[in-house]
Amino acid sequence: MDLHPFVRDIQDFPEPGVVFKDITPMFNDPKALNAAFEGLLDLVNGKPVDKVVGMESRGFFFAPMLANKLGAGFVPVRKKGKLPYTTLSETYDLEYGTDVLEIHTDAIQKGEKVLIHDDVLATGGTASAVCRLVEKLGGEVVQCNFLIILDFLNGKDKLKGQEIVSLLNY
Ligand SMILES: O=P(O)(O)OC[C@H]1O[C@H](OP(=O)(O)OP(=O)(O)O)[C@H](O)[C@@H]1O
Ligand SMILES: Nc1ncnc2[nH]cnc12
């Protein structure tokens, strides 16, 4: 199933100059939603995975579903001040600003195999910060899994050495 028709461009959102990839039409359509989920799962290609890490907030759409299907646990990475237990933090830049991401310190055990999932890889600031958090806790990133990669923003350059996969590229 071609998923491109279910991603719409929103000009100048959330700020002038940004063309925002809106994936809500994909979630609105049951067949597209299922095709996207099955496609993301196929990209994992049978790799053993202990934890799936998803980042707030659009990473939360698919990451718990993927974790459940892979027989893995789900770990939320959230923006500063939202996680209640002890956290590790990383500051990062993204296409439209700077922010801080946090993970619970007991969310990943040393040596665990970790799949990182997010909806969009843009400049790579978010995903590279999440890789650093996972690695600081002793996890091994086995794949960075995205619905969409915006190739023209060169996010892959910030994820050198990682396996990077996506369903859609622009
Ligand atoms: O590769 P980058 O330049 O870091 O950009 C990618 C990130 O930007 C978006 O999240 P955003 O921070 O807008 O938050 P949201 O998911 O809550 O909308 C997207 O969901 C990714 O997490
Ligand atoms: N252009 C974009 N569209 C959707 N999500 C994004 N995250 C960062 N840049 C984005």
Side-chain angles (χ1 to χ4, degrees), residues 2-29 32-33 36-37 39-41 43-44 51-67 74-84 87-104 107-108 114-137 139 141-170:
D2 180 14
L3 292 170
H4 289 89
F6 298 94
V7 179
R8 66 184 163 197
D9 281 358
I10 309 290
Q11 305 292 329
D12 300 319
F13 182 89
E15 57 184 45
V18 176
V19 180
F20 190 85
K21 296 291 181 195
D22 178 17
I23 56 172
T24 59
M26 187 185 292
F27 282 86
N28 198 267
D29 183 284
L33 176 60
F37 176 60
L40 289 169
L41 207 54
L43 292 174
V44 182
K51 298 280 165 67
V52 176
V53 173
M55 29 285 223
E56 182 179 358
S57 50
R58 283 173 275 145
F60 291 177
F61 294 167
F62 280 122
M65 291 166 67
L66 289 169
F74 165 65
V75 176
V77 165
R78 298 207 61 184
K79 292 172 186 169
K80 192 176 172 55
K82 297 288 187 181
L83 286 173
T87 57
L88 263 185
S89 305
E90 277 283 335
T91 302
Y92 68 106
D93 294 322
L94 72 171
E95 193 182 3
Y96 34 78
T98 294
D99 219 328
V100 177
L101 286 176
E102 296 184 335
I103 192 169
H104 275 156
I108 291 165
V114 177
L115 182 129
I116 291 174
H117 168 78
D118 205 354
D119 67 329
V120 174
L121 178 70
T123 64
T126 304
S128 59
V130 173
C131 286
R132 292 196 295 279
L133 288 171
V134 168
E135 285 166 358
K136 277 185 187 170
L137 291 177
V141 177
V142 294
Q143 184 178 88
C144 296
N145 170 294
F146 302 97
L147 193 55
I148 294 173
I149 295 183
L150 303 180
D151 289 321
F152 57 93
L153 291 172
N154 302 316
K156 284 184 176 178
D157 294 350
K158 290 215 181 85
L159 297 175
K160 289 234 161 70
Q162 304 292 359
E163 177 177 306
I164 305 163
V165 297
S166 66
L167 275 190
L168 302 173
N169 290 70
Y170 291 89

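In listed order, ligands and their atoms are each counted from 1. Source: prediction; values computed, not measured.
At least one side-chain heavy atom of Val53 sits under 4.5 Å from a side-chain heavy atom of Ile108. Considering only heavy atoms from C-beta on, Leu137 stays 4.5 Å or farther from Val114 through its side chain. For the pair Leu168 and Met26, the minimum side-chain heavy-atom distance is below 4.5 Å. Contact annotation: the side chain of Phe62 approaches that of Leu33 to within less than 4.5 Å [non-hydrogen atoms, C-beta and beyond]. For the pair Lys156 and Leu121, the minimum side-chain heavy-atom distance is below 4.5 Å.
Between Ala127 and ligand 1 there is no heavy-atom distance shorter than 4.0 Å.
Between Met55 and ligand 1, not a single N/O pair is under 3.5 Å apart. Polar contact with ligand 2: absent for Asp119 (N/O pair, distance under 3.5 Å). Looking at ligand 2, you won't find any N or O of Leu150 less than 3.5 Å from one of its N or O atoms.
For atom 6 (C) of ligand 1, the nearest non-hydrogen atom of the protein is Val120 O, 3.4 Å. The protein non-hydrogen atom at the shortest distance from atom 11 (P) of ligand 1 is Lys79 NZ, 3.6 Å. Looking only at protein heavy atoms, the nearest one to atom 7 (C) of ligand 1 is Thr126 OG1, 3.5 Å. Looking at atom 10 (O) of ligand 1, its nearest protein heavy atom turns out to be Arg58 NH2, 3.5 Å. The protein non-hydrogen atom at the shortest distance from atom 12 (O) of ligand 1 is Leu94 CD1, 3.0 Å. Here the protein heavy atom with the shortest distance to atom 13 (O) of ligand 1 is Tyr96 OH, 2.7 Å. When only non-hydrogen protein atoms are considered, atom 20 (O) of ligand 1 lies nearest to Asp119 OD1, 2.6 Å. For atom 7 (N) of ligand 2, the nearest non-hydrogen atom of the protein is Tyr96 OH, 3.4 Å.
Ring to ring, His117 and Phe61 are not that close: their centroids are 6.0 angstrom or more apart.
Proximity of a side-chain donor or acceptor of Lys158 to a complementary backbone N or O of Thr123 within less than 3.5 Å is detected.
Numbered from 1 in the order shown, with element, the atoms of ligand 1 that lie under 4.0 Å from a heavy atom of Asp118 read 20 (O), 21 (C), 22 (O).
With Glu90 as the fixed residue, the side-chain contact (heavy atoms from CB on, under 4.5 Å) test singles out one of Ile103, Asp99, Leu133: Leu133.
Across every non-hydrogen atom of Val19 and Gln11, the tightest pair is CG2-OE1, 3.6 Å.
Heavy-atom proximity to atom 17 (O) of ligand 1, evaluated over Ser57, Ala122, Gly54, Ser128, is greatest for Ser57.
When heavy-atom distances to ligand 1 are checked against a 4.0 Å cut-off, Thr123 comes that close through both its backbone and its side chain.
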